[in-house]
Amino acid sequence: MGSDVGLESSRRFLATWLIGGLVAGISVVAITAAWPEYSPLNIVGKKKKRPVRVYMDGCFDMMHYGHCNALRQARALGDQLIVGVVSDAEIIANKGPPVTPLDERMLMVSAVKWVDEVIPDAPYAITEEFMRKLFDEYNIDYIIHGDDPCILPDGTDAYALAKKAGRYKQIKRTEGVSSTDIVGRMLLCVRERTSSESPRHASLQRQFSHGHNQKHDDGGSGSGTRVSHFLPTSRRIVQFSNGKAAGPNARIVYIDGAFDLFHAGHVEILRLARGLGDFLLVGIHTDQTVTANRGVHRPIMNLHERSLSVLACRYVDEVIIGAPWEISKDMITTFNISLVVHGTVAEDDDFEKHDRDPYDVPKSMEIFKVLESPLDITTSTIIKRIVSNHEAYQKRNERKGESERRYYEGKSYISGD
């Protein structure tokens with residue numbers, strides 16, 4: 001009798017346990033289906049993955065599309081890119097006077113669409129103390145640099161400590177441009193202006209566009225550097241593009257110009273223009289148009305180089321490569337442009353004095369607006385900085401030109417993009 005009671009109790013317990021387990025199981029399935037993020041299966045024993053943070057530093061003087069491509073490659077190696085901008089004092093001590101001061105360089109780097117954070121006054125070389133700060137305070141996982149060697153004045157590798165710590169990664173250098181090269185182009189322009197009677201003087205822009213070397217009577221470049229061998233590809237343009245079209249009801253703002261020697265003044269006017277709508281379309285004038293309006297020594301950068309620099313800016317959604325000088329009704333309709341803007345500080349601020357005002361049509365449609373430029377900087381401003389300190393930049397380029405020569409002599413293929 002007692003055994004029968006015990007057996008019945010056991011059966012009831014087992015039935016209760018099975019039913020309870022089934023109900024609990026159904027509850028878990030229901031929760032998982034309705035709110036997968038709150039599923040116990042996701043919560044129990046799972047630690048949230050920390051984003052991979054990578055660090056890249058540089059002078060970013062005369063910032064160009066080569067810098068931007070390096071930052072794009074660095075960003076691809078992690079989830080967040082933190083960029084250190086070297087101080088003016090460190091650049092002077094290690095390379096010579098910078099063309100653009102720290103505040104302008106900070107603004108330029110911050111505007112690159114692949115950059116998440118910026119650290120001012122970074123050291124030129126990665127010291128033990130600064131490396132610890134990167135790892136401990138900024139939670140940096142890897143330090144990134146290009147495949148071109150960065151040698152300090154004492155002959156040592158600027159990234160030796162990062163390599164020793166096993167926290168160093170390398171990207172491929174972007175060929176065809178460097179700050180040294182750009183300064184060299186301007187120094188060539190200065191030299192050509194002094195001999196403008198020579199038939200050579202109208203050929204600089206063509207040389208810059210096609211990558212030919214300019215040899216002077218002294219057997220050298222005269223600037224301590226080589227002229228650009230930039231080879232534009234469709235792949236590079238795709239890499240820099242947003243790949244997003246404007247929505248059907250988007251307010252599209254249009255601004256055009258040469259955007260030569262892309263600088264902080266350009267960045268700030270683009271920022272203001274982008275704030276006036278949902279989509280910023282930028283028209284970039286052809287080399288021929290720029291030459292016709294600004295003289296035979298312009299542009300310093302060719303059309304494809306200027307297009308990449310503009311595309312890298314976080315405020316820009318799309319560009320027209322080779323935009324017309326005059327804005328037509330057909331163009332406004334084709335691109336569904338809502339507003340055309342122009343800055344108060346520009347090389348072409350006297351456009352109304354031309355035989356035909358390029359903004360006649362948008363003005364007649366009452367969709368034209370003049371924006372107060374935040375910075376009084378133009379391409380001519382940058383060139384004047386070079387001219388005013390001509391000898392110092394000449395010496396700097398001669399030193400840098402030697403290291404560039406060694407790099408290209410020892411150059412071998414490295415995979416990457």
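Computed over heavy atoms, backbone and side chain alike; hydrogens, waters and symmetry mates excluded.
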Fill in: Set of side-chain hydrogen bond (donor to acceptor under 3.5 Å, both in side chains) partners for Asn242, sequence neighbours left out
Lys113
Discussion item. Exactly one of Leu276, Val340, Val253 should register a side-chain contact (heavy atoms from CB on, under 4.5 Å) with Lys369. Which one does?
Written reply: Leu276
Discussion item. So does Phe240 get a backbone contact from the side chain of Arg72, meaning a donor-acceptor N/O pair under 3.5 Å?
Written reply: no
Worksheet item: With a 4.5 Å heavy-atom cut-off, do Val115 and Ser110 have their side chains touching?
Response: no
Worksheet item: Salt-bridged, Arg50 to Asp79, with N to O below 4.0 Å?
Response: no
Discussion item. With rounding to the nearest 0.5 angstrom, report the NE2 to CE distance, His67 to Met62.
Written reply: 10.0 Å
Worksheet item: Does the side chain of Ser241 reach to within under 4.5 Å of the side chain of Leu311, using non-hydrogen atoms?
Response: yes
Worksheet item: Would you say the side-chain atoms of Tyr254 and Asn336 include a donor-acceptor pair closer than 3.5 Å?
Response: no
Discussion item. Side chains of Asp88 and Pro98, heavy atoms from C-beta outward: is any pair under 4.5 Å?
Written reply: yes
Item to complete: Could you list the residues that satisfy side chain to side chain contact (heavy atoms under 4.5 Å, CB included) with Asp278, not counting sequence neighbours?
Response: Ala250, Arg251
Practice prompt. Have a look at Pro362 and tell me which of Asp357, Val341, Ile327, Ile337 forms a side-chain contact (heavy atoms from CB on, under 4.5 Å) with it.
Written response: Ile327
Worksheet item: Does Arg294 reach the main-chain N or O of Thr289 with its side chain, forming a donor-acceptor pair under 3.5 Å?
Response: no
Discussion item. Could you work out, with side-chain hydrogen bond (donor to acceptor under 3.5 Å, both in side chains) as the rule, every residue matching Lys163, not counting sequence neighbours?
Written reply: Asp157
Worksheet entry | Side chains of Phe60 and Thr100 in contact at under 4.5 Å (non-hydrogen atoms) | no
Discussion item. Atom CZ of residue position Phe135 - does it have more than 12 heavy atoms of other residues, nucleotides or ligands inside 6.0 Å?
Written reply: yes
Discussion item. Is there a salt bridge (charged side-chain N to carboxylate O under 4.0 Å, His left out) between Arg385 and Glu104? Walk through the geometry before answering.
Written reply: CA-CA 14 Å; Arg385 292 176 184 176; Glu104 290 179 26; 2.8 Å; yes
Item to complete: Verify, without hydrogens or angle tests, whether Asp141 (side chain) and Val54 (backbone) share a donor-acceptor contact under 3.5 angstrom.
Response: no
Worksheet entry | Arg274 side-chain N/O to Gly277 backbone N/O, donor-acceptor pair under 3.5 Å | yes
Discussion item. Please determine whether a side-chain nitrogen of the Lys or Arg among Asp116 and Arg75 lies less than 4.0 Å from a carboxylate oxygen of the Asp or Glu.
Written reply: yes
Worksheet item: Between NZ of Lys164 and CD1 of Ile126, what distance do you get to the nearest 0.5 Å?
Response: 15.5 Å
Fill in: Ring center gap for Tyr168 and His145 short of 6.0 angstrom
no
Item to complete: Decide, yes or no, whether a salt bridge links Arg53 with Glu137 under the criterion of side-chain N to carboxylate O below 4.0 Å.
Response: no
Response to the item:
Rounding to 0.5 Å, atoms NE2 (His266) and CD1 (Ile377) come to a distance of 10.0 Å
Worksheet entry | Spatial distance of atom CG (Leu375) from atom OG1 (Thr378) [nearest 0.5 Å] | 11.5 Å
Worksheet item: Between Ile320 and Val282, is any pair of side-chain heavy atoms under 4.5 Å apart?
Response: no
Discussion item. Please check this pair: side chain of Asp256 against backbone of Ile284, looking for a donor-acceptor N/O pair closer than 3.5 Å.
Written reply: no
Worksheet item: Do Lys244 and Asp317 come within less than 4.5 Å of each other through their side chains, counting heavy atoms only?
Response: no
Item to complete: Flag the pair Arg298 and Asp287 as a salt bridge only when some basic side-chain nitrogen lies within less than 4.0 angstrom of an acidic carboxylate oxygen.
Response: no
Worksheet item: Is there a donor-acceptor pair closer than 3.5 Å between any side-chain N or O of Arg306 and the backbone N or O of Asp260?
Response: no
Worksheet item: Using 4.0 Å as the upper bound for N to carboxylate O, is an ion pair formed by Glu129 and Arg132?
Response: no
Worksheet entry | Test item: side-chain donor near acceptor, Asp330 and Ser328, under 3.5 Å | no
Discussion item. Within the 3.5 Å criterion, strictly below it, is a donor on Tyr159 or Asp57 matched to an acceptor on the partner's side chain?
Written reply: yes
Practice prompt. Would you mind reporting whether Ser307 and Ile237 have side-chain heavy atoms less than 4.5 Å apart?
Written response: no
Practice prompt. Give me the ring orientation class for Phe259 and Phe262: parallel if the planes are under 30° apart, tilted from 30 to 60°, perpendicular past 60°.
Written response: tilted
Worksheet item: Would you call Lys169 and Ile143 a side-chain contact if the rule is heavy atoms closer than 4.5 Å?
Response: no
Worksheet item: Is the backbone N or O of Val112 less than 3.5 Å from a side-chain atom of Arg314, with the two atoms forming a donor-acceptor pair by type?
Response: yes
Worksheet item: Just checking, is any N or O donor in the side chain of Asn69 or Thr174 under 3.5 Å from an acceptor N or O on the other one?
Response: yes
Discussion item. Looking at Asp136, I'd like to know if its CG atom is crowded, meaning that more than 12 non-hydrogen atoms belonging to other residues, nucleotides or ligands lie closer than 6.0 Å.
Written reply: yes
Worksheet item: Sub-3.5 Å donor-acceptor pair from the side chain of Glu347 to the main-chain atoms of Ser380, do we have one?
Response: yes
Worksheet item: Side-chain donor-acceptor pair under 3.5 Å between Glu268 and Ser373, yes or no?
Response: no
Discussion item. Would the distance check show the side chain of Arg185 and the main-chain N or O of Ile300 forming a donor-acceptor pair, the cut-off being under 3.5 Å?
Written reply: yes
Worksheet item: What class does the angle between the rings of His285 and Trp325 fall in, given that below 30° is parallel, 30 to 60° is tilted and above 60° is perpendicular?
Response: tilted
Worksheet item: Sub-3.5 Å donor-acceptor pair from the side chain of Gln73 to the main-chain atoms of Lys172, do we have one?
Response: yes
